[in-house]
Amino acid sequence: MSQEYQRVPIKSEADIVLARQGGRRLAAELGFSSTDQTLLATAISELARNVVQYAGTGEVLLSAIAIGSRRGIQVSAMDQGPGISDPELAMRDGYSTGGSLGLGLPGTRRLADDFSLVTVLGEGTTVTFKMWVR
Amino acid sequence: MSQEYQRVPIKSEADIVLARQGGRRLAAELGFSSTDQTLLATAISELARNVVQYAGTGEVLLSAIAIGSRRGIQVSAMDQGPGISDPELAMRDGYSTGGSLGLGLPGTRRLADDFSLVTVLGEGTTVTFKMWVR
Amino acid sequence: MASIQSALTDADWMKLSADLSSQIGELRARAVVLDLTLMDVMDSFATRVLRTLAQTVTLRGAQTILVGIQPDVAIAMVQLGLAQRLDGILTALNLEHGLDMAEALV
Amino acid sequence: MASIQSALTDADWMKLSADLSSQIGELRARAVVLDLTLMDVMDSFATRVLRTLAQTVTLRGAQTILVGIQPDVAIAMVQLGLAQRLDGILTALNLEHGLDMAEALV
Ligand SMILES: Nc1ncnc2c1ncn2[C@@H]1O[C@H](COP(=O)(O)OP(=O)(O)O)[C@@H](O)[C@H]1O
Ligand SMILES: Nc1ncnc2c1ncn2[C@@H]1O[C@H](COP(=O)(O)OP(=O)(O)O)[C@@H](O)[C@H]1O
């Protein structure tokens, strides 16, 4: 599995747009369909907004990944924010502590090929997912 | 109570169709009404899809059963998948861990004459139900 | 207008959804008529997929009309509790009625 | 009628909402047509803001019509579970259809 990284610092709302545009560009290069580019960009937008809203700042890492001839993208959104006290609850449709829709995490899991949430209270949160060209 | 078995291995989405077609054929032979054939085929479809979705692979057993002159079908869907951590919750209308409708198990119980769910975490799940000619 | 066969896989449905979504634009369609006459079973998977499809069609500014759901299939859907998951989607007896309904919308 | 660009911030949306709300009074508008053709992504933030906007418009006695949601965007919204959060808001394919719909309401 080979990797190359692209790092998008997330400091404000404007960076959310940069992160999802970066993801879309990489996806287009790798041959993602236009529908899958949009799915990926939407998921990145959700995670990057969580960083801004709940942690203030953080970063999004975009990596081109490959297993054999299969190509894909791995996205990580990470921050050193407050962490999530009940991750299982946070993964539920409609659960939000921010008066929002509560669909960002569960929605991203639904459309990703692979999804993980690692969070430590007081230390931060990292959400990682993969999407493969299909 | 005499029995004869038919085994349908469930390995992919295509096998779901084979399983429900097998059930419908057996039901037609035993004299089920066309409505009951469809009810049975739908229930088999639900259980077989759960096998594919949550356990990957498994099998569906179809048996013609009889008590005296009463004839019926017993269906078992079994897998060696992850099992169900909270079976009571899984039997509730609308509960799904797969972003699905959560009506497969409770719906099948509603239309079956007899229903059992046996599941062991890390070992697998077996759902069995009967339907009688009426 | 699309006719649906029973054995569509997850991938088939995704493709149908994408195709319809873009064709609505090309054809400036106000209605999408889905013929379910050939479906011998409508389970929760098919129901969810149809609902998803109808939501996509709505966001594209058109209406979905389901036609041809067979009597036995309708009964099974109600018994399983699936019917209410299609609430808000228009239905018609057959293709002819469905097309009449689509005309009336335009 | 307003055309929405992808990168509106929280503050931009608030301003748009306030502007529309007062303009409905000045123009005695019965419908507000929002053109989303330029939105390359509709995430939960945008969806929630649109829903809030539509609620404001409703309380001001007018109807919201969303037009121009692109095929890929529609599919992504449905997959994320966002589509049903816009339930009850009218949609049309494009500006032309949306204006027709608005005419019909008036
Ligand atoms: N990066 C993060 N840091 C801290 N908490 C988070 C983070 N991301 C998500 N959460 C928590 O998880 C909840 C659910 O997130 P999500 O499903 O994206 O919904 P929403 O963002 O609409 O609230 C949030 O309301 C918040 O409490
Ligand atoms: N064979 C199985 N193996 C593991 N978990 C299962 C299995 N069948 C059902 N489940 C669990 O039970 C839940 C409810 O199942 P069901 O009522 O059929 O709804 P759905 O399949 O729509 O999620 C599923 O979401 C899943 O968590």
Side-chain angles (χ1 to χ4, degrees), chain B residues 11-25 27-28 32-54 60 77 90-113 115 129 131 134, chain C residues 3-18 34-59 64 66-89 91 93-94:
Chain B
K11 299 205 171 101
S12 72
E13 277 192 279
D15 297 325
I16 299 170
V17 179
L18 294 182
R20 75 184 183 224
Q21 281 170 350
R24 188 190 282 276
R25 206 176 310 116
F32 278 72
S33 71
S34 106
T35 299
D36 283 349
Q37 290 172 34
T38 303
L39 286 172
L40 182 89
T42 310
I44 293 173
S45 199
E46 296 292 343
L47 301 184
R49 184 165 303 275
N50 282 353
V51 169
V52 173
Q53 186 168 4
Y54 302 110
V60 168
M91 288 305 300
R92 268 198 219 150
D93 268 359
Y95 177 81
S96 174
T97 59
S100 182
L101 298 180
L103 291 170
L105 294 178
T108 300
R109 176 161 64 179
R110 265 196 294 282
L111 57 80
D113 288 318
F115 180 96
F129 72 89
M131 267 183 80
R134 49 187 172 190
Chain C
S3 174
I4 314 288
Q5 307 249 346
S6 203
L8 293 191
T9 63
D10 223 334
D12 296 332
W13 282 109
M14 285 288 287
K15 182 163 180 330
L16 180 64
S17 187
L34 292 177
D35 188 353
L36 305 175
T37 308
L38 296 176
M39 301 281 286
D40 63 321
V41 158
M42 287 274 299
D43 57 8
S44 9
F45 173 74
T47 304
R48 181 165 58 93
V49 164
L50 275 185
R51 193 175 63 166
T52 303
L53 207 102
Q55 285 173 342
T56 309
V57 169
T58 302
L59 290 178
T64 305
L66 305 179
V67 308
I69 297 178
Q70 294 303 299
D72 291 340
V73 174
I75 290 170
M77 289 182 73
V78 171
Q79 292 232 358
L80 261 103
L82 298 172
Q84 69 224 55
R85 304 312 171 105
L86 295 179
D87 268 2
I89 304 179
T91 50
L93 178 63
N94 54 28

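Just so we're on the same page: letters track the sequence lines, and every chain starts at 1.
The candidate with the highest count of non-hydrogen atom pairs below 4.5 Å against chain C, out of B:Gln53, B:Arg24, B:Glu46, is B:Glu46. Per-residue counts of heavy-atom pairs under 4.5 Å with chain C were compared for B:Ala43, B:Ala41, B:Ser45, B:Ala14; the largest is that of B:Ser45. Among C:Gln79, C:Met77, C:Gln70, the residue making the largest number of heavy-atom pairs under 4.5 Å with chain B is C:Gln79.
Contact between B:Met131 and B:Phe32 at its shortest, heavy atoms only, is O-CZ, 3.3 Å.
Using modelled atom types, one finds no donor on one side chain facing an acceptor on the other under 3.5 Å when comparing C:Thr47 with C:Arg85. Residues C:Asp43 and B:Thr42 have side chains that never bring a donor and an acceptor to within less than 3.5 angstrom of each other.
Using a 4.5 Å cut-off between heavy atoms, B:Arg109 makes no contact with chain C at all. Only the backbone of C:Met42 comes within less than 4.5 Å of a heavy atom in chain B; its side chain stays farther off.
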message: Applying side-chain contact (heavy atoms from CB on, under 4.5 Å) to C:Val73 and C:Asp40, what does each step give before you reach the verdict?
response: CA-CA 7 Å; C:Val73 174; C:Asp40 63 321; 5.7 Å; no

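Using a 4.0 Å cut-off between a side-chain N of Lys or Arg and a carboxylate O of Asp or Glu, C:Asp87 and C:Arg51 do not qualify as a salt bridge.
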